[in-house]
Amino acid sequence: MVKTNRSNNEIRPKARSAKSSAWKNNVRAGKPLPVTGVLNLNSTIPRDFYDRDTVTVARELLGCILVHRTPEGTTAGKIVETEAYLQGDPACHAARRMTPRNSVMFGPPGYAYVYFTYGMHYCFNVVSASEGVGEAVLVRALEPLVGIPLMQGRRGRQNTRELCSGPAKLTQAMGIAREHNRRDLTMGDLYICPGDADAPIVTTTRIGIKEGAELPLRFYLQNNGYVSRK
DNA sequence: AAGATGATTTTCT
DNA sequence: GAAAATCATCTTT
């Protein structure tokens, strides 16, 4: 199932087999990447991608592109860091029982679970696994690709590395908030394009939790400068 | 470079 | 009433 009714293509960073020192210096300085090629944002990952075990979904989301089209403009970024939250996992919001907040996690896969936390931040998750299984993937970092000036305005920051290198930073940069909770990500203005990891996947422990902190359920693209932390 | 702290409100106990 | 899947800023080393 591929959508073809999107508007025109978007620019993307120039593809390079080996990253030059100039490229690395730009990333280090937080400067926008050179743009020359074309990025196709006209396809949407189908629901069956998400209807698999959550660790697989978390790993395979690396390299895919999160897109949000809004009246102010389109923003998009490559997913470079994720975490899996599983049934029987004490850190999972759905660990105890179904509540009004976590019920979307028990529903069909391919929907957004957006929650508000610490009195001021939103975090964006993708519901994974089959209906009835309360699991999801937290998207923790993006490499900004499209709409960088819009992201900079929303974030109040110029440095590209400070736009999407954390779960609450990325929702702010992308314009994702409570109205996006329970959105169907297989259609509409908030969606994910297919993509492949362009670096080895590092597996490590999750950030910011107390229980379940030893489980290897965090994944990121090795040597990517936009990950929230090593 | 690393550690501590305040902001601010929803959600569940 | 306490904790929270965080972030920015400030202090200390």
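By convention in this document, chain letters (A, B, ...) are assigned in the order of the sequence lines, proteins followed by strands, and residues within each chain are numbered from 1.
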> Atom CD of A/Glu211 to atom P of C/dA3: distance rounded to whole Å?
Replying inline: 12 Å

>> Using a 4.0 Å cut-off on heavy atoms, which residues in residues 112-128 of chain A reach DNA chain B? List them by number, or say none.
In response: A/Phe116, A/Tyr118, A/Gly119, A/Met120

>> At 4.0 Å (heavy atoms only), tell me whether A/Arg229 reaches a base, stays on the sugar-phosphate, or touches nothing.
In response: nothing

>> Tell me the interatomic distance from A/Arg101, atom CZ, to B/dT9, atom P, rounded to whole angstroms.
In response: 17 Å

> Quick one: ring-ring contact (aromatic ring centres under 6.0 Å, His included) partners of A/Tyr111, sequence neighbours excluded?
Replying inline: none

> Would A/Arg161 and A/Asn159 count as having a side-chain donor-acceptor pair, cut-off 3.5 Å?
Replying inline: yes

> In whole Å, what is the span from the NZ atom of A/Lys210 to the P atom of C/dT6?
Replying inline: 13 Å

> For A/Leu170 and C/dC7, what is the distance between atoms CG and C1' respectively, to the nearest whole Å?
Replying inline: 13 Å

> Are the aromatic rings of A/Tyr85 and A/His93 close, with centres under 6.0 Å apart?
Replying inline: no

>> What contact category does A/Ile209 fall into here, base, sugar-phosphate, or nothing, at under 4.0 angstrom with non-hydrogen atoms?
In response: sugar-phosphate

> Without hydrogens or angle criteria, can the side chains of A/Ser228 and A/Glu81 be said to hold a donor-acceptor pair below 3.5 Å?
Replying inline: yes

>> Side chains of A/Thr204 and A/Arg218: any donor to acceptor distance under 3.5 Å?
In response: no

> Could you state the NZ-P distance from A/Lys230 to B/dA2, rounded to the nearest angstrom?
Replying inline: 14 Å

> Under 4.0 angstrom, heavy atoms only, what part of the nucleic acid is A/Arg206 near: base, sugar-phosphate, or nothing?
Replying inline: nothing

> CG of A/Asn181 versus C1' of C/dA5: gap in Å, rounded?
Replying inline: 15 Å

>> ring pair (Phe, Tyr, Trp, His ring centres under 6.0 Å), that's the test. Do A/Phe116 and A/His121 meet it? Break it down for me.
In response: CA-CA 6 Å; A/Phe116 183 74; A/His121 299 301; 8.2 Å; no

>> Please report the distance, rounded to the nearest Å, between CZ in A/Arg161 and P in C/dC7.
In response: 16 Å

>> So, using ring-ring contact (aromatic ring centres under 6.0 Å, His included) as the criterion, who are the partners of A/His180 when residues are at least two apart?
In response: A/His68

> Between C/dT6 and A/Arg140, is there an OP1 or OP2 to side-chain N/O distance shorter than 4.0 Å?
Replying inline: yes

Between the protein and nucleotides 9-13 of chain C, list the N/O to N/O atom pairs that are separated by less than 3.5 angstrom.
{"from": "C/dT9", "atom 1": "OP2", "to": "A/Arg157", "atom 2": "NH2", "distance (Å)": "3.1"}

> Looking at A/Phe49, is A/Arg47 sitting on its ring face, NZ or CZ under 6.0 Å from the six-membered ring centre and within 45 degrees of the normal?
Replying inline: no

> Near DNA chain B, under 4.0 Å by heavy atom, which residues of residues 89-97 of chain A?
Replying inline: A/Arg96, A/Arg97

>> Regarding A/Thr203 and A/Arg59, do their side chains bring together a donor and an acceptor under 3.5 Å, going by distance alone?
In response: yes

>> Check this for me: does any side-chain nitrogen of one of A/Glu83 and A/Arg206 sit under 4.0 Å from a carboxylate oxygen of the other?
In response: no

> Among side-chain atoms of A/Arg69 and A/Tyr191, is any donor-acceptor pair under 3.5 angstrom?
Replying inline: yes

> For DNA chain B, which ranges pair as stems of 3 or more consecutive Watson-Crick or G-U pairs, with both donor-acceptor distances under 3.5 Å?
Replying inline: B:1-7 with C:6-12, B:9-12 with C:1-4

